[in-house]
Trainee: 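I'd like to ask some things about the structure below.
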Amino acid sequence: MDVRPNQTIYINNLNEKIKKEELKKSLYAIFSQFGQILDIVALKTLKMRGQAFVIFKEIGSASNALRTMQGFPFYDKPMQIAYSKSDSDIVAKLKGTFKERPKKIKPPKPAPGVEEKKDKKKKPSSAENSNPNTQTEQPPNQILFLTNLPEETNEMMLSMLFNQFPGFKEVRLVPNRHDIAFVEFTTELQSNAAKEALQGFRITPTHAMKITFAKK
């Protein structure tokens, strides 16, 4: 209890059988809803197995993630989350190196808040231009149709993302297609709530998920 809130959360009791890269991608998928993530550290050494650090840009994001995801079943094991001890060498070093990375990817990047707002405004228009189906939006129903998913998307990742919403029933992937999927809810009100909350959600930094109602 004596560890002060900071922007890094420490997670343990993770499933040790999951490969490091898959673990990091899955952690990114469920924690990036709380705010900008600077890095995720997962080490496969014997001492550090089953543990990870998620480094947020803002302390508020870390606090929200800790409260919301405490005990969340992640690969069949409840996560145990705490604030990282502020003197953690690994985290201190990584905070320094990872602040530079976004600048290299997007040189003219403004303040993060401004960027996010712009993205949200742009998304509907770019979706309409690139995908003719979105111009004639399907009537609301309990099944959502997801597009623009990254190659590494799997059922577990999508389930963890959508089962935080009431009424979640199942995720259905499409054979031989990694970029689309269906998510079913009990009612159209519940599916609409998930659609509104996760529209444009980035499973990876380069893929903003597009959500529409499925054709009946």
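Sequence positions, counted from 1, serve as the residue numbers for this chain.
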Trainee: Using a 4.5 Å cut-off on heavy atoms from C-beta on, say whether the side chain of F56 contacts that of D39.
Mentor: no

Trainee: Using atom types as modelled and distance alone, determine if a side-chain donor or acceptor of N15 lies under 3.5 Å from a backbone N or O of Y75.
Mentor: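 It does hold such a pair.
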
Trainee: Which pair of heavy atoms, one from I40 and one from Y28, lies closest together, and at what distance?
Mentor: CD1-N, 3.4 Å

Trainee: Would you name the heavy atoms of M209 and Q199 that are closest together and state the gap between them?
Mentor: O-OE1, 3.7 Å

Trainee: Can you give me the closest heavy-atom contact between E155 and V171, atom names plus distance?
Mentor: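 Closest pair (atom of E155, atom of V171, distance): OE2-O, 3.9 Å.
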
Trainee: Less than 3.5 Å apart, any donor N or O on the side chain of S159 or N163 sitting next to an acceptor on the other?
Mentor: no

Trainee: Do S61 and Q36 come within less than 4.5 Å of each other through their side chains, counting heavy atoms only?
Mentor: no

Trainee: For Y10, give me all partners under ring-ring contact (aromatic ring centres under 6.0 Å, His included), at least two apart in sequence or on another chain.
Mentor: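 Partners of Y10 by the ring-ring contact (aromatic ring centres under 6.0 Å, His included) criterion, ordered by chain and then number, come out as F53.
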
Trainee: Verify whether the ring centers belonging to F168 and F162 lie closer than 6.0 Å.
Mentor: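 Ring centres of F162 and F168 not closer than 6.0 Å.
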
Trainee: Between Q80 (side chain only) and N13 (backbone N and O only), is there a donor and an acceptor less than 3.5 Å apart?
Mentor: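 No.
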
Trainee: Taking the side chain as everything from C-beta on, heavy atoms only, tell me whether S63 gets closer than 4.5 Å to Y83.
Mentor: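 Heavy-atom side-chain distance check passes, below 4.5 Å.
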
Trainee: If I take atom OG1 from residue T68 and atom CD1 from residue I30, how far apart are they, to the nearest 0.5 angstrom?
Mentor: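 Answer for the OG1-CD1 pair, T68 versus I30, is 11.0 Å.
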
Trainee: To check you understand the geometry: which heavy-atom pair defines the closest contact between A62 and I9, and what is its length?
Mentor: O-CG2, 3.7 Å

Trainee: Are the side chains of R172 and I143 in touch, meaning some heavy atoms are under 4.5 Å apart?
Mentor: yes

Trainee: Is N6 reaching over with its side chain to a backbone N or O of S84, donor-acceptor style, under 3.5 angstrom?
Mentor: yes

Trainee: Please give me the minimum heavy-atom distance between I211 and A194, naming the atom from each residue.
Mentor: CD1-O, 4.5 Å

Trainee: Give the intermediate values and the outcome of side-chain hydrogen bond (donor to acceptor under 3.5 Å, both in side chains) for residues T187 and Q190.
Mentor: CA-CA 5 Å; T187 70; Q190 291 165 334; 3.3 Å; yes

Trainee: Taking only residues at least two apart or on different chains, which pairs with a member in residues 19-32 satisfy salt bridge (charged side-chain N to carboxylate O under 4.0 Å, His left out)?
Mentor: none

Trainee: Report the distance from atom CG of L149 to atom CE of M157, rounding to the nearest 0.5 Å.
Mentor: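 Reported to 0.5 Å precision, the distance equals 10.5 Å.
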
Trainee: Is there a side-chain contact between I55 and I37 in this structure, where contact means two heavy atoms from C-beta onward sitting under 4.5 Å apart?
Mentor: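 Side-chain contact under 4.5 Å: no.
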
Trainee: On a heavy-atom basis, which atom in K57 and which in Q7 lie closest, and how many Å separate them?
Mentor: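 Between these two residues, the closest heavy atoms are O-NE2, 4.1 Å.
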
